Asks: 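Quick one: the structure is below, and I'll ask about it shortly.
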Amino acid sequence: MSEPDVTIDGLPDHLRARVPAAEDAPAVATLVADHQRAAKGSASVDPDGVLAQLVGIGSWTRRQVLVHDASGGLVAWLSVHDRAAGRTLVEVTVTPDLPDAGAERVALALFGAAERHARDIAAVRGLRTTLLDSGAYADDGRQQRWLSTAGFEHTRTWLQMTRRVAPDEATSLPGPREGVTVRPVDRHEDGLPVARDLQAVHRVLEESFQDHFSSYRESFPEFVMRLREDPGHRWDHWWLATVETDAGPLPAGAVVSTVLRPDADGVEGSYVDYIGVHRRARGRGVAKALLNTVIADAARRGRNRVGLEVDADSPTGADGLYTAMGWVTDYRTQSWHRDLDTATRPRRGTP
């Protein structure tokens with residue numbers, strides 16, 4: 001079935017926009033890889049993740065557009081993700097093969113379309129305002145210039161870090177301090193997780209991040225749905241930490257990780273999607289215990305690395321802990337934000 005064309009105001013006449021189909025996944029993966037190589041010097045793209053986002057369960061909360069030239073070559077990809085109430089993620093990827101002037105025209109037309117979609121999403125949710133959340137690699141001046149022109153502001157820098165894993169770390173790492181317990185979330189006989197543990201993980205992460213940059217509420221269904229979108233998601237990669245108190249054991253922290261696709265050596269890795277420690281338990285070694293749990297689990301599974309992302313200006317000094325435990329920074333990314341008041345008129349030049 002052919003996908004319908006989409007009208008994007010401001011797009012050059014020789015370009016055509018349409019919604020994606022499953023067969024577009026290889027071309028989109030190539031587009032993303034080309035962009036990454038131009039922006040940061042290397043590429044790592046998960047084809048299964050691209051397919052899931054285009055037409056799988058990851059597409060259910062996204063509005064997307066592909067832009068092709070007259071010969072059918074893929075020029076750009078727009079993804080607008082209804083992440084949570086008041087939070088809309090915007091991704092604009094344009095091929096590095098386009099000359100600067102033409103690429104900027106395409107990018108700004110897509111940012112304008114993203115604003116229109118964000119307004120629609122906010123209206124459906126009954127919201128007057130929403131935050132447009134986008135990003136760029138720290139060395140990608142082209143993307144940063146487009147974001148600035150589209151009204152976004154650079155708000156944060158993130159360190160993308162990796163730690164190598166040795167096989168003997170499956171059993172050689174120290175255990176938690178006294179009074180701290182780390183365990184996998186309980187699961188039923190069919191492998192599905194027990195609801196109370198999932199809810200405990202969500203609650204402790206929400207409460208842990210309340211004092212972090214740009215913290216916002218994400219409902220339990222939104223949280224679980226988003227994590228399940230990742231092809232690397234596994235229920236046996238969720239852990240919950242508790243600490244002993246006079247009132248008994250209380251949830252103290254949680255970590256959720258996923259499987260990283262094989263690297264150039266053909267070996268999988270693990271990725272820490274979320275790690276949080278509740279304020280009542282900080283200073284008791286909970287974060288280190290959770291991280292050691294992920295490292296040991298990766299070693300037992302024959303994986304060779306654990307990746308994660310950390311705020312370069314983390315108020316808890318998390319980057320210092322990661323560095324001390326062997327993580328190194330591979331590259332840096334940036335968050336760019338724009339507050340959108342849906343009651344105001346769109347910016348000039350946008351739909």
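We're numbering straight along the sequence, starting at 1. Fair warning: this is a prediction, and the values are worked out from it, not measured in the lab.
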Asks: Output the distance between atom OG1 (Thr258) and atom OH (Tyr271), rounded to the nearest 0.5 Å.
Replies: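 Rounded to the nearest 0.5 Å, the OG1-OH separation comes to 8.0 Å.
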Asks: Quick one: does Leu340's side chain get under 4.5 Å of Glu115's, heavy atoms only?
Replies: yes
Asks: Charged N to carboxylate O below 4.0 Å: is that the case for Arg226 and Glu218?
Replies: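 Result for this pair is yes, salt bridge flagged.
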Asks: So do the side chains of Trp146 and Phe152 get within less than 4.5 Å of each other, counting heavy atoms only?
Replies: no
Asks: Roughly how far, to the nearest 0.5 Å, is the CZ atom of Arg332 from the CD atom of Glu309?
Replies: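 If we round to the nearest 0.5 Å, Glu309:CD and Arg332:CZ are 12.5 Å apart.
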Asks: Quick check for you: to the nearest 0.5 Å, what is the distance between Tyr331 atom OH and Thr162 atom OG1?
Replies: 8.0 Å
Asks: Could you walk me through whether Phe111 and Leu147 pass the side-chain contact (heavy atoms from CB on, under 4.5 Å) test, one step at a time?
Replies: CA-CA 8 Å; Phe111 276 116; Leu147 285 161; 3.5 Å; yes
Asks: Checking side chain to side chain donor-acceptor pair (under 3.5 Å) for the pair Glu229/Thr61: CA distance, chi angles, key distance, verdict?
Replies: CA-CA 10 Å; Glu229 292 175 2; Thr61 54; 3.2 Å; yes
Asks: Should Asp82 and Arg62 count as an ion pair when the cut-off is N to O under 4.0 Å?
Replies: no
Asks: Checking side chain to side chain donor-acceptor pair (under 3.5 Å) against Gln160, which of Thr329, Thr333, Asp330 comes through?
Replies: Thr333
Asks: Are any side-chain N or O atoms of Thr95 and backbone N or O atoms of Asp97, one a donor and one an acceptor, separated by less than 3.5 Å?
Replies: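 Yes; at least one donor-acceptor contact below 3.5 Å.
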Asks: Is there a donor in the side chain of Ser270 and an acceptor in the side chain of Ser257, or the other way round, less than 3.5 Å apart?
Replies: no
Asks: With a 4.5 Å limit on heavy-atom distance, are the side chains of Val67 and Ile8 in contact?
Replies: no
Asks: Given the rule in the side-chain contact (heavy atoms from CB on, under 4.5 Å) test, do Leu173 and Ile295 qualify, once you have shown the distances and angles that lead to the verdict?
Replies: CA-CA 9 Å; Leu173 295 175; Ile295 295 167; 3.6 Å; yes
Asks: Sub-3.5 Å donor-acceptor pair from the side chain of Ser208 to the main-chain atoms of Val277, do we have one?
Replies: yes
Asks: Show the numbers, then the answer: is there a side-chain contact (heavy atoms from CB on, under 4.5 Å) between Arg301 and Asp236?
Replies: CA-CA 12 Å; Arg301 297 174 188 273; Asp236 60 358; 3.2 Å; yes
Asks: Please check: side-chain N/O of Thr342 versus main-chain N/O of Arg128, any donor-acceptor pairing under 3.5 Å?
Replies: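 Judged by distance alone, yes, a pair lies under 3.5 Å.
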Asks: Under 4.5 Å between any side-chain heavy atoms of Asp313 and Arg156, yes or no?
Replies: yes
Asks: Check the pair Ile121, Thr130 against side-chain contact (heavy atoms from CB on, under 4.5 Å), reporting the backbone distance first and the verdict last.
Replies: CA-CA 9 Å; Ile121 290 168; Thr130 190; over 6 Å; no
Asks: Can you tell whether the side chains of Glu104 and Arg142 come within less than 4.0 Å, N to carboxylate O?
Replies: no
Asks: So, Asn304 versus Asp265: side-chain donor-acceptor pair below 3.5 Å or not?
Replies: no
Asks: Measure the shortest side-chain to side-chain distance between Thr88 and Leu131 over non-hydrogen atoms and say whether it is less than 4.5 angstrom.
Replies: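 No; the side chains remain at least 4.5 Å from each other.
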Asks: Between Asp140 and Arg145, is the closest basic N to carboxylate O distance under 4.0 Å?
Replies: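 No, Arg145 and Asp140 are not salt-bridged.
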Asks: Taking all heavy atoms of Ala109 and all of Gly10, pick out the closest pair and write down the distance.
Replies: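 That closest heavy-atom pairing would be CB-C, 3.9 Å.
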Asks: Are Glu169 and Arg163 ion-paired here, with the side-chain N under 4.0 Å from a carboxylate O?
Replies: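 Salt bridge present between Glu169 and Arg163.
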Asks: Enter the distance from Glu206:CD to Ser219:OG here, rounded to the nearest 0.5 Å.
Replies: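 Separation between the atoms: 8.5 Å.
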Asks: Using a 4.5 Å cut-off on heavy atoms from C-beta on, say whether the side chain of Asp197 contacts that of Arg183.
Replies: yes
Asks: For Arg164, give me all partners under salt bridge (Lys or Arg N to Asp or Glu O under 4.0 Å), at least two apart in sequence or on another chain.
Replies: none
Asks: Please list all pairs meeting salt bridge (charged side-chain N to carboxylate O under 4.0 Å, His left out) that have one or both residues in residues 34-58, counting only residues at least two apart or in different chains.
Replies: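 Sorted result for residues 34-58: Asp34-Arg37, Asp46-Arg261.
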Asks: Just checking, any donor-acceptor pair under 3.5 angstrom between side chains of His233 and Trp238?
Replies: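 Trp238 and His233 do have a side-chain donor-acceptor pair below 3.5 Å.
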Asks: Can Val92 be reached from Val28 by stepping across I, L, V, M, F, W or Y side chains whose heavy atoms are under 4.5 Å apart?
Replies: no
Asks: Is a side-chain donor-acceptor pair under 3.5 Å present for Ser79 with Gln53?
Replies: yes
Asks: Tell me, do Leu308 and Trp327 make a side-chain contact under 4.5 Å, heavy atoms counted?
Replies: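 In contact.
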Asks: Less than 4.0 angstrom from a charged side-chain N to a carboxylate O is my criterion; do Asp186 and Arg196 meet it?
Replies: yes
Asks: Between the side chains of Thr129 and Asp341, does any donor sit under 3.5 Å from an acceptor?
Replies: no
Asks: For residues Gln334 and Trp336, is any side-chain donor paired with an opposing acceptor at under 3.5 Å?
Replies: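 On atom types as modelled, these side chains qualify, holding a pair under 3.5 Å.
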Asks: Is a side-chain N or O of Gln144 found less than 3.5 angstrom from the main chain of Tyr137, in a donor-acceptor match?
Replies: yes
Asks: Return yes if some donor-acceptor pair links the side-chain N/O of Gln36 with the main-chain N/O of Ser44 below 3.5 Å, else return no.
Replies: yes
Asks: Quick one: does Asn292's side chain have a donor or acceptor within less than 3.5 Å of a partner on Ala289's backbone?
Replies: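 Between the backbone of Ala289 and the side chain of Asn292 there is no qualifying donor-acceptor contact (under 3.5 Å).
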Asks: Out of curiosity, Leu31 CG to Leu66 CG, how far, rounded to the nearest 0.5 Å?
Replies: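 Here the interatomic distance stands at 8.5 Å.
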Asks: Could you measure the distance from the OG1 atom of Thr293 to the NE2 atom of His237? Nearest 0.5 Å is fine.
Replies: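 Between atom OG1 of Thr293 and atom NE2 of His237 there are 12.5 Å.
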Asks: Would you say His278's side chain and Arg280's backbone share a donor-acceptor pair under 3.5 angstrom?
Replies: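 Yes, because the side chain of His278 sits within donor-acceptor range (under 3.5 Å) of the backbone of Arg280.
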Asks: Checking Arg305 side chain against Val267 main chain: does a donor-acceptor pair fall under 3.5 Å?
Replies: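 Side chain of Arg305 to backbone of Val267: a pair is present.
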Asks: With the threshold set at 4.0 Å, does a side-chain nitrogen-carboxylate oxygen contact exist between Arg234 and Asp297?
Replies: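 Not counted as a salt bridge, because no side-chain N and carboxylate O are separated by less than 4.0 Å.
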Asks: Atom CG of residue position Asp190 - does it have more than 12 heavy atoms of other residues, nucleotides or ligands inside 6.0 Å?
Replies: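 Counting neighbours around CG of Asp190, more than 12 heavy atoms of other residues, nucleotides or ligands fall under 6.0 Å, so yes.
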Asks: Can you establish whether the number of heavy atoms outside Glu153 located under 6.0 Å from its atom CD is more than 12?
Replies: no
Asks: Can a side-chain donor-acceptor contact be found between His154 and Thr157 if the only test is distance below 3.5 angstrom?
Replies: yes
Asks: Students often mix this up, so state it plainly: with edges at 30° and 60°, are the rings of His202 and Phe223 parallel, tilted or perpendicular?
Replies: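 His202 and Phe223: tilted rings.
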Asks: Under 3.5 Å, is there a donor-acceptor pair linking the side chains of Gln143 and Thr93?
Replies: no
Asks: With a 4.0 Å cut-off on N to O distance, would you call Arg125 and Glu222 a salt bridge?
Replies: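 The answer is yes: the pair qualifies as a salt bridge.
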Asks: Within the side chain of Gln64, is there an N or O that forms a donor-acceptor pair under 3.5 Å with the backbone of Trp77?
Replies: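 No, the answer is negative, given that no donor and acceptor are paired below the 3.5 Å cut-off.
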Asks: Are the side chains of Arg18 and Asp24 in touch, meaning some heavy atoms are under 4.5 Å apart?
Replies: yes
